[in-house]
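The next block holds one structure in the form of structure tokens; read it before the comments.
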Amino acid sequence: MKRSHHCGELSLDHVGQTVTLAGWVASRRDHGGVRFIDLRDRYGLTQIVFDSEHEPTVHQLADRLRNEYVVTVTGKVTLRPEGSANPHIPTGAIEIRTTSLIILNEAKPLPFALDDTITTSETLRLKHRYLDLRRPRMQALLQLRSQVSHLVRQYLHANQFIEVETPILTKSTPEGARDYLVPSRVNPGEFFALPQSPQLFKQILMIGGTDRYYQLARCFRDEDLRLDRQPEFTQIDVEMSFVDQEDIINLIEHMVRLVFKETKNIDLPTPLPRLSFEDAMGRYGTDKPDLRFDLQLQDLSQFAATCDFKVFRSAVESGGIVKALVIPGGNDFTRNRIDNLIDTAKEFGAKGLAWVKVNEEGNLDSSIAKFFNAQALREALPSAQPGDLLIFVADQAPIVHQVLGRLRLLLGEELQLVDQNRWEPLWVVDFPMFEYDDAAKRFVALHHPFTAPHPQDMPLLETDPLQIRTQAYDLVLNGFELGGGSIRIHAPQVQSKVFDLLNISKTEAREKFGFLLDALESGAPPHGGIALGLDRLVMLLGKTESIREVIPFPKTQKAQCLMTEAPSPVTLEQLQELSIRTTAKKPDSPL
RNA sequence: GGGGCCGUCGUUCAGCUAGGUUUAGGACGCCAGAUUGUCAAUCUGGAGGUCGCGGGUUCAAAUCCCGUCGGCCCCGCCA
């Protein structure tokens with residue numbers, strides 16, 4: 001018996017019709033002579049009535065119903081009696097007077113309540129994800145994700161993009177995250193890698209004349225997990241030929257604005273604000289600033305250079321900087337709380353944390369206040385008001401930025417400065433091309449080794465690589481990196497030069513991506529692109545507490561699936577067939 | 001690899017910080033009965049826990065100590 005309607009659509013308009021519904025028993029209320037159940041499917045809830053007077057047989061059968069039984073019912077849509085309508089659900093004006101009930105399947109008592117309001121440990125939810133997914137909230141999130149994907153596809157197709165699938169079984173890439181490896185049975189001792197991103201393939205597609213490519217690409221990285229990081233995730237992967245940075249930023253802005261408008265009726269600004277990497281680091285101490293609250297880093301290096309506090313002066317003299325955060329109302333921080341801040345600053349890498357209270361009279365209150373000219377400090381820090389707490393870090397710039405950037409986030413949360421209803425997207429642009437890795441004694445690419453320098457910085461490749469800025473851009477939203485991209489190198493000589501600087505030998509470059517180098521020499525168009533994290537986008541749109549909520553079957557922090565219990569040992573035969581022997585000593589290992 | 005928080009009936013939470021008050025308790029769920037207008041239904045009764053696991057301290061451990069397993073958050077890592 002097929003259903004005629006679903007459980008979310010019946011209303012006064014249907015009164016008098018005979019309908020058939022199917023779904024799960026969401027709850028039951030037994031009054032003896034009359035029994036009610038709420039029947040649930042993806043679309044909603046409908047109340048079903050079993051009346052002993054009119055339909056004694058069906059009423060008796062309904063006694064067997066339990067939560068999450070799967071049933072199909074046929075009956076007449078009727079108006080609920082005076083005073084018993086339920087205004088809280090869309091179908092609350094009507095109910096179904098049942099003439100037929102079929103129990104399609106039974107269900108054991110549940111390991112946890114499916115109620116949206118009841119909190120259950122995530123462990124249990126993940127173990128029984130099939131139950132968890134039945135909850136309206138989870139269905140809504142799946143639907144949101146589907147809606148976002150659909151909008152993205154529509155938009156990109158409308159802009160002449162072609163969706164292309166790139167290989168999942170591919171080649172291990174250097175200079176990135178750890179790869180997930182897949183042994184090749186027919187090539188003993190050799191391995192595929194799962195893609196960390198389709199980066200090289202999309203560039204090859206441009207060289208192949210595809211002009212505009214996109215893919216909702218599954219990517220894999222064998223690194224430790226975070227609340228916004230999973231070992232497999234989906235990115236909206238885009239690449240275009242004959243474009244510059246502005247073209248890509250424009251295209252993506254429109255797409256993101258469309259997604260926010262269509263899914264949540266949110267109007268993002270036009271155009272999106274931009275910050276240079278330098279400004280982002282200087283003012284927020286991070287390349288993914290959360291602009292939902294202000295609390296900017298204040299540069300006090302000039303003041304510090306002339307003050308009597310030796311720690312400050314010597315930091316500046318040795319090429320470092322001094323920056324401060326003005327904590328509004330921080331004057332009432334207890335000594336204990338300040339000590340905790342100092343400890344936290346040290347954990348973040350600072351040698352110490354200087355602090356000064358500005359008391360209600362506007363005087364400086366601190367053990368180091370005697371070193372400062374109060375007037376000079378006021379002029380250097382005009383935003384400081386009576387009642388504030390000033391905290392300072394003096395060190396080399398990267399450390400100052402890292403420490404104050406993190407303290408800013410911590411304090412923003414503690415002092416509830418973050419407006420949860422705000423949406424603060426921005427582009428971070430003009431990234432440096434390289435960083436110097438002191439440990440490895442070499443340059444490393446900040447973005448990736450295929451990112452093109454700014455044309456005017458090109459000569460610096462020979463002279464001062466650390467000063468080179470790239471045509472790279474990150475899209476940041478509320479402190480999360482939504483994605484990033486760049487204009488790519490299309491000149492083979494430039495690409496070779498960059499590999500040199502990264503200390504990737506000719507042999508190694510040849511071995512790892514000889515195909516790209518060959519392709520670049522075969523008529524590569526100028527091209528560039530971007531990749532946005534679909535999971536993070538949906539997580540932010542859905543305001544969920546972690547990325548796992550918007551992934552139907554996510555992994556735990558130990559990169560395991562609690563439902564399937566993957567990964568798991570395999571048989572000795574399987575290993576032998578793959579010419580593999582493991583050195584792991586697990587009690588349940590087949591060795 | 002490192003730091004922190006958490007683990008008590010099916011679920012959720014109390015009890016732990018004063019070791020004995022506990023035969024480990026409440027709520028929800030479950031089981032049985034009652035109930036013709038509920039929608040967090042109600043009423044009566046009942047079942048259900050080796051306090052994650054192992055070891056130690058003690059006359060006595062859910063409670064203190066050590067280890068371990070699992071979950072979460074963070075650092076490192078994530079070009």
Side-chain angles (χ1 to χ4, degrees), chain A residues 26-40 45-54 56 59 63 66-68 78 80-89 91-92 95 97 107-128 131 173-179 196-197 199-200 219-231 233 343-344 347-349 402 406 409-410 431 433-435 437 439-440 443-451 470 472 481 484 486 498 502 504 531 533 545-546 548 555-558 560 562 565 587:
Chain A
S27 73
R28 65 201 167 94
R29 296 175 291 279
D30 186 345
H31 289 245
V34 61
R35 298 184 165 121
F36 303 95
I37 64 166
D38 289 336
L39 193 64
R40 183 198 66 237
L45 288 177
T46 298
Q47 175 162 281
I48 314 295
V49 189
F50 305 96
D51 189 319
S52 58
E53 201 175 302
H54 298 98
H59 171 267
D63 185 42
R66 294 294 181 271
N67 280 339
E68 299 308 313
T78 58
R80 292 201 193 178
E82 185 79 30
S84 58
N86 181 352
H88 303 296
I89 59 172
T91 61
E95 61 192 5
R97 290 270 165 179
K108 289 200 280 193
L110 303 177
F112 57 90
L114 297 194
D115 204 310
D116 265 357
T117 60
I118 287 178
T119 54
T120 307
S121 78
E122 195 182 5
T123 312
L124 208 59
R125 292 174 50 207
L126 290 179
K127 192 165 177 181
H128 307 273
L131 291 174
T173 48
E175 288 263 339
R178 294 184 185 88
D179 288 316
Q196 296 178 25
S197 102
Q199 180 60 35
L200 297 178
C219 305
F220 306 86
R221 293 180 190 174
D222 187 6
E223 295 295 344
D224 284 356
L225 286 69
R226 289 287 187 276
L227 92 128
D228 63 344
R229 251 162 54 187
Q230 281 277 304
F233 59 98
D343 288 345
T344 309
E347 278 169 36
F348 291 162
Q402 162 159 296
R406 286 201 207 161
L409 287 180
L410 208 67
F431 282 81
M433 183 136 188
F434 302 107
E435 280 179 320
D437 182 338
F443 296 114
V444 289
L446 206 74
H447 211 72
H448 58 55
F450 315 109
T451 303
T470 53
E481 183 190 326
S486 63
V498 170
L502 291 171
I504 299 174
E545 47 292 338
S546 91
R548 297 183 295 277
K555 313 267 186 299
T556 66
Q557 200 167 47
K558 290 196 91 180
Q560 294 171 337
L562 293 178
E565 297 184 319

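The chains referred to below are lettered A, B, ... by the order of the sequence lines, with proteins before strands, and numbering in each begins at 1.
Closest to the Leu227(A) side chain, of the nucleotides rA32(B), rU36(B), rC74(B), is rC74(B). Nearest nucleotide to the His448(A) side chain, out of rG71(B), rA79(B), rU12(B): rA79(B). The side chain of Leu562(A) sits closest to rG71(B) out of rG71(B), rC73(B), rC75(B). You'll find that the side chain of Pro449(A) is closest to rA79(B), out of rA79(B), rG76(B), rU12(B). When each of rU11(B), rC75(B), rU12(B) is scored by its nearest atom to the side-chain atoms of Ser121(A), the top-ranked nucleotide is rU12(B). In this structure, the nucleotide among rU38(B), rA79(B), rC73(B) sitting nearest to the side chain of Arg29(A) is rU38(B).
A straight line from CG of Leu45(A) to P of rU38(B) spans 18 Å, rounded to a whole angstrom. Note: CG (Leu124(A)) to C1' (rG10(B)) measures 9 Å, nearest angstrom. Atom CZ in Phe348(A) sits roughly 12 Å away from atom P in rC74(B) (whole-Å rounding). Computed from coordinates, the Arg406(A) CZ to rG76(B) C1' distance equals 10 Å when rounded to whole Å. Atom C1' of nucleotide rG4(B) and atom CG of Asp343(A) are separated by 14 Å, given to the nearest angstrom. Between the P atom of rG70(B) and the CD atom of Glu565(A) lies a distance of 12 Å, rounded to the nearest Å. Note: CG (Asp224(A)) to P (rG76(B)) measures 11 Å, nearest angstrom. Summarising the geometry, the separation between NE2 on His128(A) and P on rU11(B) is reported as 8 Å, rounded to the nearest angstrom.
Because its NZ or CZ atom is not both nearer than 6.0 Å to the ring centre of Phe50(A) and within 45° of the ring axis, Arg35(A) does not count as a cation-pi partner of that residue.
Taking side-chain N and O atoms only, Arg229(A) has no distance below 4.0 Å to OP1 or OP2 of rC72(B). Considering only side-chain N and O atoms, Arg28(A) lies nowhere under 4.0 angstrom from the phosphate OP1 or OP2 of rA41(B). Gln47(A) has no side-chain polar atom (N or O) that falls below the 4.0 Å cut-off from OP1 or OP2 of rU38(B). An OP1 or OP2 oxygen of rC31(B) is reached within less than 4.0 angstrom by a side-chain nitrogen or oxygen of Arg66(A). Gln560(A) has a side-chain polar atom (N or O) that falls below the 4.0 Å cut-off from OP1 or OP2 of rG71(B). Within the structure, every side-chain polar atom (N or O) of Ser84(A) is placed at least 4.0 Å from both OP1 and OP2 of rU38(B).
Across all strands, Glu95(A) comes closer than 4.0 Å to base atoms (heavy-atom distances). Within 4.0 Å (heavy atoms only), Leu126(A) reaches no atom of the nucleic acid at all.
When the P atom is used for both rG10(B) and rA47(B), the distance is 15 Å, rounded to whole Å. Between rG48(B) and rU8(B), the distance separating the two C1' atoms is 14 Å to the nearest Å. One P atom belongs to rU57(B), the other to rC73(B), and the distance between them is 38 Å to the nearest Å.
Side-chain to base pairing of Arg221(A) with rC77(B): no donor and acceptor N or O lie closer than 3.5 Å to each other. In the interface, the side chain of Arg35(A) is not paired with the base of rU35(B) through any donor and acceptor atom under 3.5 Å apart.
Qualifying ring-ring contact (aromatic ring centres under 6.0 Å, His included) partners for His54(A), counting only residues two or more places apart in sequence or in other chains: none. Scanning for side-chain hydrogen bond (donor to acceptor under 3.5 Å, both in side chains) contacts around Glu82(A) gives an empty result, with sequence neighbours left out.
Checking His31(A) against Asp38(A), the closest nucleotide of RNA chain B that is more toward the 5' end is the one next to His31(A). When the nearest nucleotides of RNA chain B are assigned to Phe450(A) and Lys558(A) by heavy-atom distance, the more 5′-ward of the two goes with Lys558(A).
Under the 4.0 Å criterion applied to side-chain N and carboxylate O atoms, Asp38(A) and Arg29(A) are assigned as salt-bridge partners.
A 3.5 Å limit on both hydrogen-bonding distances identifies rG45(B) as the Watson-Crick or G-U partner of rC31(B).
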